[in-house]
Amino acid sequence: MHPHSTRRSMALAFISFFIIQGILKSEELQECARLADWTPASVIGYAEAKMTGPRLRSFLSSARLKRLLDSSLGKAYRQGEDYSKLIDNLDNIEQATGQKPLELFDGLLGKEFLLASRLSFTAGQEALLLTRIKNPAAIARGRKAFAAAMEAATGSPFETRKLDHEGQAIEQAGNIWFAEMGEILALANSKKILEEAIDLAYGRTEKSAGASPPFSHLSDKKDYLIRASLRPTFIPVLAGQFGRKLDNPALSFLLSGISGALRDCKLMSASLDTSWSGISLGLTLHSDDSGIAEKYDPFFPRTTPGEFHSNLQKRGLLGSIRLSRNIHGWWENSAAFLDAQAAGSLAQASAALSMFFGGLNFQDEVLSQLGKTISLIFKNPPKARNGSSPSPLIPGGALIVELNDAKKFGRPFIVAFNSLVSIINITRMQQDSNAPSMLVRPEKVGEVDCYKVDLGLPGNAKAPGIEYNFSPSLAVTRNKVILGSTFDIVKLLVEESEKIRPAGKTSVQAYARDRLYIDGRALNSILGNNLNFLAAQQVIDKGIGLDEAKNELSVIRTALSYIRDLEFESFREEEAIHMKLGIGLITGNTIVEPSN
Amino acid sequence: MSANLTARERLEPFRPGKDGPWDYAAAAHLARRQAFGAPRELVEKILELGPRAAPGALLEELDETPEMEAVADSQRRIGSTEAVQTWWTHRMLRGNCPARDKLALFWHDHFATSDTKVKDARLMMDQVQLFIRQGAGHFHALLQSIARDPAILIWLDGNSNRKGKPNENFARELMELFSLGVGNYTEEDIKEAARAFTGWHVKDRKFWFNKRAHDTGSKTIFGTTGNFDGTDVLLACLEKQACGEFIAEKLFNYYVGTPVDGELRKALGELYHANLHSLSPLVGQMLSSREFYSAPARRAILSSPADFAIGTLRNLGATAGAAHLPEEMSRMGMDLLRPPSVKGWQKGKSWLNSNTLLSRYRFASMLGGADENSFRVPWGKLRKEGPNRLFKLFFPGGLDEKIRKVILEEAGGDLKLMVTAIVELPEHQYI
Amino acid sequence: MIFTRRDFLKLSGPGLTLAPALLLEAAEKAAGAAGNQRLVVVQLTGGNDGLNTVIPFEDDSYYRSRPALAIPKARVLRLEGSSEMGLHPSLAGLQELHKEGHLAIIQGAGYPGPDRSHFRSMDIWHTANPSIAGEEKGWLGKALEQKPAALSGIHIGSESLPLAFNGERHVASIQNLDFIELLSGSKGARLKKIMRAVNAEPRTRGPGYIRGLANETLDTLDQILKVSQEPPPVEYPDSELGRQMKLAGQMVSGGYPARILYLGQRGYDTHARQSNAHTSLLGDLSGALTAFYRHVEKTGVAERVTVMVFSEFGRRVKENASLGTDHGCAAPMFLLSGKIKGCLRGPNPDLTNLDRGDLRFTIDFRRVYATLLEELFRIDSKKLLGGNFDKLGLFT
């Protein structure tokens, strides 16, 4: 052959090869790094989970679970209705499908799955499920199981209709369409969304959720069991609720900031993770480029973080709530957050409170002096050694408000406190001339002046009643006003407050956090301290015997003993709001039954 | 039959068979009067005990169970009027000895003290506990104890009664309302008795004999002179013939309810003395007499709100919800621990006017209504027993056939509606 | 024996009066048109600021005393027949009623020795006794006692029964209309059937007293149920006052026997930031009153019902530092009826001759009471009010 023509044929062959490869390539299945890459961008939101199968297996076979189920609580659970229903359902599945439910789950969904949804006018609510199969045998088993179940239900053999979308086989069974693409199984309740997923899978289009801007806010961290993301503005019912004016001032103080963030929110993502040491749930609101509206600034002040609260926690609290707000800012602009009537009632409250503060204008002269953090602290009282604690034994509480300059502006609070006590005395005197007067006694804690209210109760009471829980007190430290239900709690707070050195001018200010904390063991103690009292109330309300009532309470206490603490935090990070809820569990080697 | 008997004969013991049948209806009649309602177990127990033994036995039951102690402690600790009211309604509803609580209710009305002035629910609780403990004992002891009760002294201005400035409130009510009745003393007796009680004060919520305020001078009471003190006055009242008649007649009206004429009154006084002022046998004899089991005495008394509400609940076997009862009973006209005046509650027909009747209807609706779980009525058990047993439960003595028919027709298939209708029947308002 | 308020409050719970309906219908028919007048009392609790309700818009001292709160002249609603007085802008409905001649405005109503305490002053209005000292019967309670067969009263509202009704006659208080539910629905109907049957039967031996009572109770329950089911031909405002007036309108139009109805509106104690609060209260009041009048107009009973609106005192002329006003003395009253001669009675408020900063009263409120007692119920007001109070010629 002529060498020239050989080279030409070879070139032709080479070129044809590439052309054919190109054509073939466009029909080739892409690799699926993330399931989100095969999810159409038009979805409202999706949920994804990883490694649920192995985690479930390990949970079910763990020694800790065995111990839990053998404990008194576990035994009670296993005798209950819910447990037997669960077992029945699992048995039914096994019977119908001929396979163990755990195997089915692990095989089909256990590795990784994603469930997405969108609303459309024509097709209603469309759902798409993408799952990474464990191995090919799993699909075969899955088919078999489903077929068996359908046959058992309908009595007739199960068959699917076979279709095709541009070379990819699709099967239809009733309202479900599904397609197998390599190790990914795709199911949907509408043909259209399935076809779009297939197109993404074959690279015919790039418009996936994984690549779209709204979902780009999602972090790549894999520290969750299951995560869901949602674009709230696409849900018509919800969109109108956010950012609207409330009719309750307290609610507004707490929530208007979050409500506003929701209004400006472009993506909401929630994640859940569980382990033997706790459950954590997180929610993040991502706003768009314009960010969170400025009018919500009073809800997200910047402060200097301090050690006051962490020190307090070391001294053993039942719980604490810390709110960071620019109170004066909120009160002044209340018309933006409250409807007319509520805003009016706030104005009236302001006028009334002015009287307590000796005529100062409450809003402009008192509120403006307050700092940006309000805290509520709860602590269990110590049990009296000689056994004469009041019953019911109520935890003490205190309200702490920061004051910019207590030396100058602390006085009005002391005046207000004394006025309040006088007014209560006068009212009581009018109703009953024999009632003892409440006296305000000054006491010093270190250098700080405290004022303690003596209720005039007789000492040495043999069976002290509920009123013995209270010795209301007020203290004004360098930078705080502390109002507590007992003198002990105020003393403790004053001591801790005085230990802290004031922050320097150069310290960094960051967005403040709102925090709620509850200590599980302290909570359990309340039940323990008041067992007889609570049992008696159950006897009255439910007509059961005393022993039965005490047993019911013991079960609750045992359940509580597994909870170490509960913590909720909410904070802003530039243009996103994060909320985290964590429940710490104690499921270790020694499960402690409550002792007192 | 009663018309032909003398007063003494009417008070003689009822002889089963001879004076009338000793049957379920008769036993239920005793249950309703001496306790609250006529639940099956109680009626059967009474049937077994027999008419003579039953009243005494019912008053002897042990009633301090751990439940009752726990409830008493917790409610006292709370110390509010509502809490103490709930303590008592819980006792009445769930206690083992409702006869004691029914008798205590009598004394609470007799020595009517209102928390609106005392303003101390714990003291009121002490007073009620006094009635429960000593209400079936000797009247002498009861009167001596109540005269030193801090709640009643506050109520009747004890602390204002001082030497040189006597306050007659306590002395007057003692004679007029607590021991003798109108017409058995003079104004002078009251004045002098007030002097005898000077210094009977309350300090730190306890009885305190204030020596400095006590008038030790000579006083003339009921024609006798001496430097009497309060205890002497009490004894003097207790020894009068009128006292026995007064107390016995009041108890008779409470428990038996047939009209009392002069002769019967005298006979009752004799009964009181024959029992040496001991209340349990006195009440026992009244409740086992021919008069009690005679036809005019059956369903003769209009139920008080306590009888109505608690009796109905006990009939149905309800086990809970005492906390709701004080308010309901108050709407019906009986605000526990707060009688309208020192005269106590107006009884009989006064319990019912259109407002209070409506409150009873409301209560009847509540039984089967939205709040079904609050009283824990055992509907399942009642359903199994069926409508006929229900009629027998509420009307062991029988019910007009026409009424029965109407109820079965309209509400036959709906047990809750049936119960509401039955509880609203005029017949059920009488015990 | 006078009932103390305590006894009285305890007995009058969610219940009804004792007046048998049949007797009343017969009495009504016999008495003819003159004998079936009704009174609806609307109490504004808290102290209504009369000066901003009926406004002296030509008086400079008004604007000087209230730089922030005075209603601008341009916004005042003019009153027919007056060049100096007008109404608050929220009272458009009342302006129209006044133009039609159905609204009488009594200016400067009060009493000698004014008391600025809410409780005492309200007690004074309720008992018509400025020197009240302790428990007393109310003016309406006394009226009910005088005419037991013809008159009965009813209180609509969730507060306790007003002292005005204190007396020996029982008066009902409809609180949440919940007792009506006792007899509504299919279950209620069956229950009612049973109760009727059971209480109709005379039996050989039985509690006759209760049967009679039960029948009366059922009758009155039925009546309230009946009138409240008929939807009114007008829209009432959706507020507490609106709902109460709606029931009053239904009762009056539907022939419910009670001749004296009592209801009220709370919130007038505007010590701070008065402007918005007062505006919304007056708007509610005007809406409810107008709807009521149109209702009774349409059902043809407008000439047989009179509405009296009052408050326990007015408010100070000078505004305070919190953009509100403090307790005062005299204030205007309103009377609304088809039978009334619309007018503006009493001298216009004199802001130069004040009593310690408050308006002086010019018409003793007991004259209004006397007028109503005599004209509507033919009761001797001298005896009842304990004094001679000249009637105001208000009725046609």
Side-chain angles (χ1 to χ4, degrees), chain B residues 114 116 295-296 298-300 302 327-328 330-335 338 340-341 346 348-362 364-366 368-370 399-414 416-418 420-422 424-430, chain C residues 1 3-4 6-20 152 161 169-173 175 178-221:
Chain B
S114 175
T116 50
R298 308 281 178 123
R299 298 277 185 185
L302 191 65
E327 193 194 327
E328 295 304 317
S330 176
R331 285 180 197 241
M332 294 180 210
M334 182 183 238
D335 195 2
R338 294 195 274 226
S341 76
Q346 300 278 68
K349 280 204 182 146
S350 310
W351 283 128
L352 285 188
N353 57 44
S354 50
N355 300 338
T356 57
L357 183 64
L358 205 62
S359 311
R360 294 191 182 205
Y361 290 170
R362 202 185 110 101
S365 288
M366 267 175 81
L399 181 66
D400 193 298
E401 196 45 50
K402 280 186 254 174
I403 310 262
R404 216 190 163 95
K405 210 168 117 212
V406 164
I407 294 184
L408 280 171
E409 258 173 35
E410 290 300 325
D414 184 344
K416 292 186 188 155
L417 190 60
M418 252 184 90
T420 304
I422 286 177
E424 291 180 3
L425 283 178
E427 280 82 350
H428 181 60
Q429 309 310 316
Y430 286 88
Chain C
M1 173 208 134
F3 268 42
T4 63
R6 218 203 147 73
D7 308 320
F8 170 69
L9 287 175
K10 278 194 303 210
L11 288 176
S12 303
L16 306 146
T17 73
L18 282 174
S152 56
L161 207 62
R169 295 276 309 278
H170 293 300
V171 175
S173 208
Q175 282 155 6
D178 62 344
F179 71 93
I180 290 187
E181 285 168 23
L182 282 178
L183 292 186
S184 43
S186 74
K187 208 165 175 173
R190 276 145 70 200
L191 194 59
K192 219 187 339 178
K193 202 160 160 209
I194 297 176
M195 286 167 67
R196 285 284 185 201
V198 155
N199 287 303
E201 295 288 324
R203 295 187 279 287
T204 47
R205 178 180 185 250
Y209 162 73
I210 300 185
R211 277 190 289 113
L213 194 58
N215 277 324
E216 270 174 36
T217 307
L218 284 174
D219 286 338
T220 8
L221 264 183

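Letters A, B, ... are given to chains in the order of the sequence lines, protein chains preceding strands, and every chain is numbered from 1.
Ala421(B) and Ile194(C) get closest at one heavy-atom pair: CB-CD1, 3.8 Å.
In this structure, Asn199(C) CG and Ile403(B) CD1 are separated by 8.0 Å, a value rounded to the nearest 0.5 Å. The CD1 atom of Ile407(B) lies 13.5 Å from the NZ atom of Lys193(C); values are rounded to the nearest 0.5 Å.
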Would you check, one step at a time, whether the test side chain to side chain contact (heavy atoms under 4.5 Å, CB included) holds for Glu424(B) with Val198(C)? CA-CA 10 Å; Glu424(B) 291 180 3; Val198(C) 155; over 6 Å; no

